[in-house]
Amino acid sequence: MNWRNVSQETHAHHRKVGSMKIGIIGAGNIGGNLTRRLTALGHDVSVANSRGPQTLTALVEETGATAVTADEAAKGAQVVVVTVPLKAVPALPAGFLDAAAPGVAVIDTGNYYPRQRDGRIAAIEDGLPESRWTQEQIGHPVIKAFNGTYAQDILSNGRPKGAAGRQALPVAGDDAAAKQTVRDLIDELGFDTVDAGGLDDSWRQQPGTPVYGNQGDVAAIEKALAAASPERTAEWRA
C-alpha cells in the first residue's frame, strides 16, 4: 500500500495511538488539504469555515472530519490551525481558544496580501512581523508554519523520514513546546522542518522572501532563510 494514500478507513473508528484532537479554522486550499491528510493519519479533526458547518458536507463525507462553527473548532484541541485570510483574523470569535486543551499549539498559516486581498494593515506596513500581528489579534502565542507551502504539496510531496531530498518547511515561534508539537506533526505529514527562530524572525518566511514557495530540503531552506532581507518589496506593500 502506498503510505501516502492510506485508506480513509483509518479515520473515525480506528484512531491510532498518538491521535490528537485538532481544530482547523478555515477550509480553503491549505485548511482543506490539512484536513484530508490529518484525518488519514488518524487524528480527530474538527473543521470550521466562515460560512457555517452546512457548507462543509463534501469535505466531511470525504474525510470523516467533524464540521463545526469557528467558536467550537478549538474545543479540547491540542493543535489549532488558523488558516483564514489575514483581514478575517480580527473577526474570529472572541475567546475561541478558551476551551482548547492546556498548552494548545496554535498554527498560523497566514500571509499579508495587501493588494490582492487584505487591504492595508498599518502595523505590518510599519514592520511588525505578520504572525506577531496575528498573535496580538487572537491573544495567544502562535507558531508560523505552512504559510509558504503550496497546498498541493501537503497532499502529494510527503515522504518517509530520512528519504533523500525530503521537502522541508520552516517553522517559527516563541513557545518551544508548541513549536516541537508542530514540528512533530509536520514530520508525521511527511516533511522535514527547519527551526526558523522566534516570531521576531518570522519575517524571513513571509511572501517575497527566498523561502516562500521553496520546495527544497533542509539545506536549501536553511540557505533561503539566511538570505532573506527584512525590506518588504513593493509588490507586497499596500
Side-chain angles (χ1 to χ4, degrees), residues 11 18-51 53 56 59-60 62-93 95-101 103-112 130-131 133-135 137-155 158 169-175 177-191 193 196 199 202 205:
H11 72 238
S19 162
M20 286 196 293
K21 192 161 181 9
I22 300 174
I24 298 179
I25 301 176
N29 294 334
I30 294 283
N33 284 354
L34 283 173
T35 300
R36 291 177 176 95
R37 289 290 292 120
L38 291 168
T39 51
L41 288 166
H43 294 292
D44 180 4
V45 178
S46 294
V47 61
N49 65 6
S50 59
R51 293 176 297 140
L56 293 169
L59 184 63
V60 164
E62 177 190 348
T63 64
T66 304
V68 294
T69 61
D71 57 358
E72 296 169 327
K75 188 174 182 182
Q78 295 149 284
V79 175
V80 174
V81 184
V82 177
T83 181
V84 300
L86 229 63
K87 66 178 181 180
V89 168
L92 289 170
F96 74 95
L97 292 166
D98 290 355
V104 60
V106 179
I107 301 174
D108 168 34
T109 77
N111 292 305
Y112 177 48
E130 296 168 17
S131 288
W133 180 85
T134 294
Q135 176 171 291
Q137 301 305 307
I138 68 173
H140 191 284
V142 302
I143 304 298
K144 187 177 192 73
F146 299 110
N147 73 291
T149 310
Y150 293 107
Q152 184 56 38
D153 289 355
I154 293 169
L155 289 187
L169 310 186
V171 180
D174 299 332
D175 182 328
K179 184 189 281 185
Q180 191 60 54
T181 295
V182 174
R183 294 182 73 179
D184 290 346
L185 192 65
I186 292 172
D187 179 48
E188 195 183 346
L189 286 164
F191 302 90
T193 56
L199 274 198
S202 65
Q205 64 194 81

(message) Looking at every non-hydrogen atom in both residues, tell me the closest pair between Gly110 and Lys144 and how far apart they are.
(response) O-NZ, 3.4 Å

(request) Over all heavy atoms of both residues, which pair between Ala77 and Val104 is shortest? Give the atoms and the distance, please. (result) O-CG2, 3.4 Å

(message) Would you compute the distance between atom NZ of Lys179 and atom CG of Leu199 and round it to the nearest 0.5 angstrom?
(response) 8.5 Å

(request) Would you check if the side chain of Gln180 reaches a backbone N or O of Ala177 as a donor-acceptor pair within less than 3.5 Å? (result) no

(request) Nearest 0.5 Å please: distance from the CG atom of Leu185 over to the CG atom of Leu34. (result) 8.0 Å

(message) Using modelled atom types and a 3.5 Å cut-off, is there a donor and acceptor pairing between side-chain atoms of Arg183 and backbone atoms of Val171?
(response) no

(request) Could you walk me through whether Asp44 and Met20 pass side-chain contact (heavy atoms from CB on, under 4.5 Å), step by step? (result) CA-CA 6 Å; Asp44 180 4; Met20 286 196 293; over 6 Å; no

(message) Are the side chains of Thr193 and Pro170 in contact, using a 4.5 Å heavy-atom criterion?
(response) no

(message) Can you tell me how far apart CG (Leu97) and NE2 (His140) are? Round to the nearest 0.5 Å.
(response) 5.5 Å

(message) Could you measure the distance from the CD1 atom of Ile143 to the OG1 atom of Thr181? Nearest 0.5 Å is fine.
(response) 8.5 Å

(message) Testing the basics here: between Ala67 and Leu56, what is the closest heavy-atom pair and its distance to 0.1 Å?
(response) CB-CB, 4.0 Å

(message) Looking at every heavy atom in both Ile138 and Leu92, which two are closest together, and how far apart are they?
(response) CG2-CD1, 4.0 Å

(message) Determine whether Lys21 and Ser46 satisfy the following criterion, side-chain contact (heavy atoms from CB on, under 4.5 Å), listing intermediate values before the conclusion.
(response) CA-CA 8 Å; Lys21 192 161 181 9; Ser46 294; 3.6 Å; yes

(request) Would you give the length of the straight line joining atom CD1 of Ile25 to atom CD1 of Ile107, rounded to the nearest 0.5 angstrom? (result) 12.0 Å

(request) Taking Thr134 for its side chain and Ser131 for its backbone only, find out whether a donor-acceptor pair lies under 3.5 Å. (result) no

(request) Using a cut-off of 6.0 Å, state whether more than 12 heavy atoms not belonging to Asn29 lie near its atom CG. (result) no

(message) I'd like to know if the side chain of Gln135 and the backbone of Val142 have a donor-acceptor N/O pair within less than 3.5 Å.
(response) yes

(message) Quick one, Phe146 with Leu189, criterion side-chain contact (heavy atoms from CB on, under 4.5 Å). Give me CA distance, side-chain angles, the key distance, then yes/no.
(response) CA-CA 12 Å; Phe146 299 110; Leu189 286 164; 3.8 Å; yes

(message) Walk me through whether Ile24 and Val45 qualify under side-chain contact (heavy atoms from CB on, under 4.5 Å).
(response) CA-CA 7 Å; Ile24 298 179; Val45 178; 3.9 Å; yes

(request) Test Asn147 against every option in Thr83, Thr109, Asn111, Asp108 by the side chain to side chain donor-acceptor pair (under 3.5 Å) rule and name the one that passes. (result) Asn111

(message) Looking at Lys75, I want to see if its NZ is surrounded by more than 12 non-hydrogen atoms of other residues, nucleotides or ligands under 6.0 Å.
(response) no

(message) With rounding to the nearest 0.5 angstrom, report the CZ to CG distance, Phe191 to Leu169.
(response) 6.0 Å

(request) State, with a plain yes or no, whether a side-chain heavy atom of Glu62 is found less than 4.5 Å away from one of Thr35. (result) no

(request) Could you tell me which non-hydrogen atom of Ala151 sits nearest to which non-hydrogen atom of Ile30, and how far apart they are? (result) CA-CD1, 3.8 Å

(message) Give me the atom names and distance for the closest heavy-atom approach of Ala73 to Ala48.
(response) CB-CB, 4.1 Å

